*Asks:* 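Handing you a structure now.
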2 protein chains.
Amino acid sequence: MAKPTYYNLEKDKQDRLVDACMEEFSRYTFSDASINRIIKRAEISRGSFYQYFEDKEDCYLEMLGIIAQEKYRIFKDVVQTEAQNVFEAYLNMLRQVKLWMEAQPRYYKIGVLMELDKSSFIQKLIKQNPGMMEYFLSLIRKDQQNGIIRPDVDPQLLSDMLIGINQKLLMEHFVNKDYDRMIEASEAVLDLLQKGTRVR
Amino acid sequence: MAKPTYYNLEKDKQDRLVDACMEEFSRYTFSDASINRIIKRAEISRGSFYQYFEDKEDCYLEMLGIIAQEKYRIFKDVVQTEAQNVFEAYLNMLRQVKLWMEAQPRYYKIGVLMELDKSSFIQKLIKQNPGMMEYFLSLIRKDQQNGIIRPDVDPQLLSDMLIGINQKLLMEHFVNKDYDRMIEASEAVLDLLQKGTRVR
DNA sequence: ATTGAATATGACAGGGGTGTCATAATGGCA
DNA sequence: TGCCATTATGACACCCCTGTCATATTCAAT
């Protein structure tokens with residue numbers, strides 16, 4: 001947790017500091033991020049930084065907290081539509097990610113960079129987050145029982161495929177900032193997955 | 001190119017040096033790799049390292065050269081079986097990667113770490129390598145003409161899917177060292193892609 | 001106005017990194 | 001043996017980093 005001094009900061013200064021931190025963490029992984037660059041950008045002294053935060057980890061956690069708040073602010077109204085099947089669930093999820101990318105691209109990038117950091121601090125943080133794999137797995141099994149998906153399909157495999165393609169689509173369209181095309185591509189992917197490539 | 005002194009080294013010493021470099025570059029990305037650790041492991045002095053190589057980049061390129069040689073040595077005899085379709089081509093490729101992972105896991109890992117390094121030096125190197133996307137694309141189009149793949153399937157999309165799943169399978173099974181299971185999983189993936197998930 | 005707490009500051013210590021260079025050691029050859 | 005080119009060495013300069021701390025400044029309350 002950040003130190004009391006951080007919370008006592010006048011709004012303007014705190015905003016400058018937060019902006020500098022977010023900028024740094026969205027450009028560099030936690031490991032590569034530099035407090036020197038942060039304090040330069042925020043125009044505060046090195047000593048001040050350590051009046052606000054215990055250390056770099058403390059600072060990072062504070063930023064993650066802000067991001068979580070913003071995520072909640074944006075998505076609290078989004079009605080969690082009941083998914084008919086795993087493919088619909090996938091599309092729902094992707095549409096939410098699209099909203100998030102558009103609303104807070106910098107925050108989204110912080111998330112991406114988190115995945116690339118191999119430091120134990122970040123790896124521990126990632127592990128705490130429950131993956132979507134379990135969610136997909138359960139949906140796939142349900143769809144198999146409901147006769148929507150062939151029973152001989154390996155749920156684990158299909159889940160892996162969905163998540164793998166997901167990552168690729170997200171990354172590709174995020175760099176191009178072409179979020180609408182991303183949804184279209186996903187729909188095509190799902191169509192292909194359901195029907196298969198074979199001519200019949 | 002490495003300096004003449006490097007090539008004049010007695011075999012034993014050169015081997016120790018190469019081993020130390022390969023070990024370092026397979027543990028850390030180029031950016032994170034440390035010459036200090038290399039010379040410590042190779043038991044040579046700092047000055048010597050710079051008698052052999054211009055700098056870290058020079059050293060890295062030398063290692064990539066050795067890796068390329070070894071790749072050629074292993075694969076020159078492998079008959080490039082003529083692929084019937086893109087799915088067969090994919091499996092052929094994966095089987096070759098499996099051989100490579102088993103024969104030289106350290107070299108394979110160097111390749112993986114290359115993808116994770118964002119430094120301009122490494123990014124330039126990566127760009128020079130032709131991707132397999134174009135190869136898959138042409139095969140898919142041919143398969144569509146031959147009536148093996150539905151004409152309304154977007155080749156780009158299918159290619160993206162193949163490559164995306166590929167990466168996931170490779171990574172997952174590489175950490176588990178379960179290369180046979182990897183091939184099985186790929187076959188299941190291809191089967192699923194061809195038939196689709198739908199019950200009919 | 002005075003005083004004491006809260007806050008701000010940058011010099012500093014300590015660690016790691018790369019690349020250089022004067023000097024020392026080595027090895028082959030006359 | 002003596003000489004010279006080649007090779008080996010680690011101290012050094014310089015860079016960037018984090019976290020600390022004595023000191024200075026600010027601010028509010030008496």
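Chain identifiers are assigned alphabetically (A, B, ...) following the order of the sequence lines, protein sequences preceding nucleic acid strands; residue numbering begins at 1 within each chain. Only a predicted model underlies this, so the values are computations on that prediction, with no experimental measurement involved.
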*Asks:* CD1 of B:I39 versus P of C:dG19: gap in Å, rounded?
*Replies:* 12 Å

*Asks:* Distance from B:F30 atom CZ to B:Q123 atom CD, nearest 0.5 Å?
*Replies:* 12.5 Å

*Asks:* Is it the case that over 12 heavy atoms from other parts of the model lie below 6.0 angstrom from the CZ atom of B:R150?
*Replies:* yes

*Asks:* In the 5'-to-3' direction, what one-character label does each nucleotide of nucleotides 20-30 of chain D receive under the scheme B = base within less than 4.0 Å of a protein heavy atom, S = sugar-phosphate only, - = no such atom?
*Replies:* BB---------

*Asks:* Are the side chains of B:V18 and B:Y6 in contact, using a 4.5 Å heavy-atom criterion?
*Replies:* yes

*Asks:* Atom OG of B:S26 and atom CE of B:M63: how far apart are they, to the nearest 0.5 Å?
*Replies:* 12.0 Å

*Asks:* Under 4.0 Å, heavy atoms only, any strand: does B:K3 hit a base, just the sugar-phosphate, or nothing?
*Replies:* nothing

*Asks:* Using the C1' atoms of the five pairs at each end, what is the angle between the end axes of the helix from C:dA1-D:dT30 to C:dA30-D:dT1, to 10°?
*Replies:* 30°

*Asks:* Got more than 12 heavy atoms from elsewhere within 6.0 Å of NZ, B:K40?
*Replies:* no

*Asks:* Among residues at least two apart in sequence or on other chains, which ones pass side-chain hydrogen bond (donor to acceptor under 3.5 Å, both in side chains) with B:R95?
*Replies:* none

*Asks:* Have a look at A:F53 and say if it touches a base, only the backbone sugar-phosphate, or nothing, with a 4.0 Å heavy-atom cut-off.
*Replies:* nothing

*Asks:* Quick one: is D:dT7 close enough that its OP1 or OP2 comes under 4.0 Å of any side-chain N or O from B:N8?
*Replies:* yes

*Asks:* OP1 or OP2 of D:dA8 versus the side-chain N and O atoms of B:K13: is any pair under 4.0 Å?
*Replies:* yes

*Asks:* Counting any heavy atom closer than 4.0 Å, what does A:S48 reach on the DNA or RNA strands: base, sugar-phosphate only, or nothing?
*Replies:* base

*Asks:* For A:N85 and A:D143, indicate whether the former's side chain and the latter's backbone hold a donor-acceptor pair under 3.5 Å.
*Replies:* no

*Asks:* Determine which pairs satisfy salt bridge (Lys or Arg N to Asp or Glu O under 4.0 Å) with at least one residue from residues 42-71 of chain B, sequence neighbours left out, and list them in order.
*Replies:* B:E70-B:R73

*Asks:* Kindly state each residue pair satisfying side-chain hydrogen bond (donor to acceptor under 3.5 Å, both in side chains) with at least one member in residues 179-194 of chain B, sequence neighbours excluded.
*Replies:* B:K98-B:D180, B:D191-B:K195

*Asks:* Please classify the nucleic acid contact of B:Y6 as base, sugar-phosphate, or nothing, using heavy-atom distances under 4.0 Å.
*Replies:* nothing

*Asks:* Kindly indicate whether a cation-pi arrangement holds for B:K109 with B:Y107, taking the cut-offs as under 6.0 Å to the six-membered ring centre and within 45° of the axis.
*Replies:* no

*Asks:* Can you list, by residue number, the residues of residues 16-38 of chain B that have a non-hydrogen atom closer than 4.0 angstrom to DNA chain C?
*Replies:* B:A33, B:S34, B:I35, B:N36

*Asks:* Should B:S45 be listed as having a side-chain N or O under 4.0 Å from OP1 or OP2 of D:dG10?
*Replies:* no

*Asks:* When you check the gap from the basic side-chain N to the acidic O, do B:R37 and B:D32 get nearer than 4.0 Å?
*Replies:* no

